[in-house]
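Everything quoted here is computed from the prediction, not taken from an experiment.
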Amino acid sequence: WVGHIEGPMEPVRALRGAFTDTLKCATLFGGLSSERKSIQLHSIPNIWLFTADKKHSAIQFSDQNFERASVHYLDALNFIDSLEGKDLYSGGEFRSLKEFFMKVDVLFVSTSCRPFSSARSKRKSEGTSSHDDHKLLDAFVRVTVAVQPLAMIFEQVFGFALSESTKDPTSPLQRFLGRCDIELANFERTVFITDGSVWL
């Protein structure tokens, strides 16, 4: 799919010329680090200021496939109550998010899909807020307020756009955007819906 994007974009890239700076990135809940692969495939010069994921398999996969970020936070849920988290690469020392204030160009976020996925039993009867991973949205907001990235890319499954439950027609997406209006009011937003069959 890279060719399908780069071909039509080539005149624009030629007009703009070469990159004049390195893209400074960070990731919350990166999983398989697909955002890092995308940037790599498009030959965008980049560095990663911090990553955050607590799954051992995700950390191992990232270590084997990409250069390490400056900091890897072991549990982003720490940020709900504090602006510090344990850093894997410094042996578990606490590192503050404040050191990344206004330094991140793009923050990539992919919170757990488990609360929102229509594949989860009782998703429609109980709603999404009953699942513990729902708290990851709180961590995202805290990190964004603390770091103030220039831009964010937030990804979630389509179940995020479905009604909260059989008793509540408001979707988690609508509720989330309403929260962003208040707590992240200095950011503008655009919602994209992509057909998963095209990519998967």
**Message:** What's the separation between atom CD1 in I80 and atom CG in L136, rounded to the nearest 0.5 Å?
**Reply:** 7.0 Å
**Request:** May I have all residue pairs that pass ring pair (Phe, Tyr, Trp, His ring centres under 6.0 Å) and include part of residues 106-129, sequence neighbours excluded?
**Result:** W48-F108, F116-F160
**Request:** Report yes or no: do K124 and S118 form a side-chain donor-acceptor pair below 3.5 Å?
**Result:** no
**Asked** At what distance, to the nearest 0.5 angstrom, does CG of N46 lie from CG of D21?
**Response** 11.5 Å
**Request:** Taking S62 for its side chain and A58 for its backbone only, find out whether a donor-acceptor pair lies under 3.5 Å.
**Result:** no
**Request:** Look up atom NE2 in H72 and atom OG1 in T27, then write down how far apart they are to the nearest 0.5 Å.
**Result:** 10.0 Å
**Prompt:** Would a line drawn from the ring center of F187 to the ring center of F154 be shorter than 6.0 Å?
**Reply:** no
**Request:** Working to the nearest 0.5 Å, report the span between CG of L107 and OG1 of T144.
**Result:** 5.5 Å
**Item:** SB check D133 R120 (cutoff 4.0 Å)
**Value:** no
**Message:** If we ignore hydrogens and angles and just use 3.5 Å, is the side chain of E183 paired with the main-chain N or O of C180 as donor and acceptor?
**Reply:** no
**Fill in**
Quick note, ring pair (Phe, Tyr, Trp, His ring centres under 6.0 Å) partners involving residues 4-36, not counting sequence neighbours, are none
**Request:** Return yes if a side-chain donor-acceptor contact under 3.5 Å exists between T170 and E164, otherwise no.
**Result:** no
**Item:** Approximate separation, where rounding is to 0.5 Å, of R95 CZ and Y89 OH
**Value:** 11.5 Å
**Message:** So, taking the atom named CZ in F66 and the one named CD in Q40, what distance separates them when rounded to the nearest 0.5 Å?
**Reply:** 5.5 Å
